[in-house]
Colleague: 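Before we start, here is the structure in question, set down as C-alpha cells.
What's counted below: heavy atoms across the whole structure, side chains too, no hydrogens, waters or symmetry copies.
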Amino acid sequence: MNRRSSSEQMEGMMKRPIPKKKVGIVRIQMVKEDRSLYGMRRFQDAVAAAEMARVLFSMADREIFLVVSLDRKLEPLAAEIAAGGGVESCAVDMRSIFKHAILNNASYLICLHNHPSGDPAPSWEDRKITDRIAQAGKLLGIHLVDHIVVGEGRYFSFREEGLLHENGE
C-alpha cells in the first residue's frame, strides 16, 4: 500500500484546486440581553461572588458552570452559563468560556459552578479544569481570578485555598 506522510498529503491538497468552493463570510456581534440582573458590582471576595451565583444555583437540579467576565477594575461586565451538565458532572469547553470573555473584552474572569450534592469540595476534574482555564487565560491575557465551587451554605475558593496565584498564573 502506498502511504504518504502528512506533509506530502498536505502538499497534494494545496496543489489540487477545489472548484467553486464557497467560503463563509461571518460577522460576530454581541447582544446584551439585560444589565445588572443580579445587582452585580465589584466583588470584594469569594463570599460575594458565591452569594451572587447562589441565587441561580438554588434553582438548578444539575451542575451549572457560570462565567463572569471582569474588566480591568475587576468590575463585572457580563455573566453567562457556559455549560450545563448532569447531577455529578459538567463538561466544560474552553472555547465557550473564553468566547464569552473575548466578546466582552474582559481582562479577567471568575468561574463558578455548583455541586448539587451540597458538598463544595472540588473533585479531581474540578482541579484539572481550573488548571486548564488558568493556563489558557495566561496565553490569552484573560486571567482567572478565581474558580468557586458552591454547595449548600458553603463554597470552595481555589484562590482562598492558595491554588491560584495573584496574577492569574
Colleague: Any ion pair linking D93 and R95 (charged N to carboxylate O, less than 4.0 Å)?
Modeller: yes
Colleague: Heavy atoms only: give me the nearest L164-A134 pair and the separation to one decimal.
Modeller: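 Reported closest heavy-atom pair: CD2-CB, 4.1 Å.
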Colleague: In Å and rounded to the nearest 0.5 Å, what is the NE2 to CG distance from H100 to L77?
Modeller: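 Taking NE2 in H100 and CG in L77, the distance rounds to 8.5 Å.
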Colleague: Quick one: NE2 on H115 to CZ on R62, what's the gap to the nearest 0.5 Å?
Modeller: 15.5 Å
Colleague: So which heavy atom on A121 is nearest to which on D126, and how close?
Modeller: O-OD2, 4.5 Å
Colleague: Under 6.0 Å from the CZ atom of R132, do we count more than 12 heavy atoms belonging to anything else shown?
Modeller: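 No, because the 6.0 Å sphere around CZ of R132 holds 12 heavy atoms or fewer from other groups.
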Colleague: Which heavy atom of I81 sits nearest to which heavy atom of L66, and what is that distance?
Modeller: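 The answer is N-CD1, 4.0 Å.
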Colleague: Can you check side chain to side chain contact (heavy atoms under 4.5 Å, CB included) on F65 and E80, steps first, answer last?
Modeller: CA-CA 9 Å; F65 197 92; E80 179 186 43; over 6 Å; no
Colleague: Work out which heavy atom in H147 is nearest to a heavy atom in I129; give both atom names and the distance.
Modeller: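 That would be CE1-CG2, 4.1 Å.
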Colleague: Verify whether one side chain among S107 and D71 offers a donor that lies under 3.5 Å from an acceptor in the other.
Modeller: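 D71 and S107 do not have a side-chain donor-acceptor pair below 3.5 Å.
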Colleague: For V150 versus P120, what's the shortest heavy-atom pair and its separation?
Modeller: C-CB, 4.3 Å
Colleague: Applying salt bridge (Lys or Arg N to Asp or Glu O under 4.0 Å), can you list everything that pairs with D119, at least two apart in sequence or on another chain?
Modeller: R154
Colleague: Are side-chain heavy atoms of F98 and V67 found at a separation under 4.5 Å?
Modeller: no
Colleague: To the nearest 0.5 Å, what is the distance between CG on N104 and OG on S69?
Modeller: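 Answer for the CG-OG pair, N104 versus S69, is 4.5 Å.
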Colleague: Counting C-beta onward and ignoring hydrogens, is there a side-chain heavy-atom pair between F158 and I148 closer than 4.5 Å?
Modeller: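 A side-chain contact is absent here, since even the closest heavy-atom pair is not under 4.5 Å.
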Colleague: Verify the distance criterion only: is there a donor paired with an acceptor across the side chains of Y108 and E75 at less than 3.5 Å?
Modeller: no
Colleague: Could you state the interatomic distance from CD1 (I102) to CG (L109), rounded to the nearest 0.5 Å?
Modeller: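 Rounded to the nearest 0.5 Å, the CD1-CG separation comes to 10.0 Å.
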Colleague: Would you check if L74 and V145 make a side-chain contact, meaning some heavy-atom pair closer than 4.5 Å?
Modeller: yes
Colleague: In Å and rounded to the nearest 0.5 Å, what is the CE to CG distance from M94 to L139?
Modeller: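 Reported value, rounded in 0.5 Å steps: 11.5 Å.
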Colleague: Between CZ of F156 and NE2 of H113, what distance do you get to the nearest 0.5 Å?
Modeller: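 Here the rounded value is 10.5 Å.
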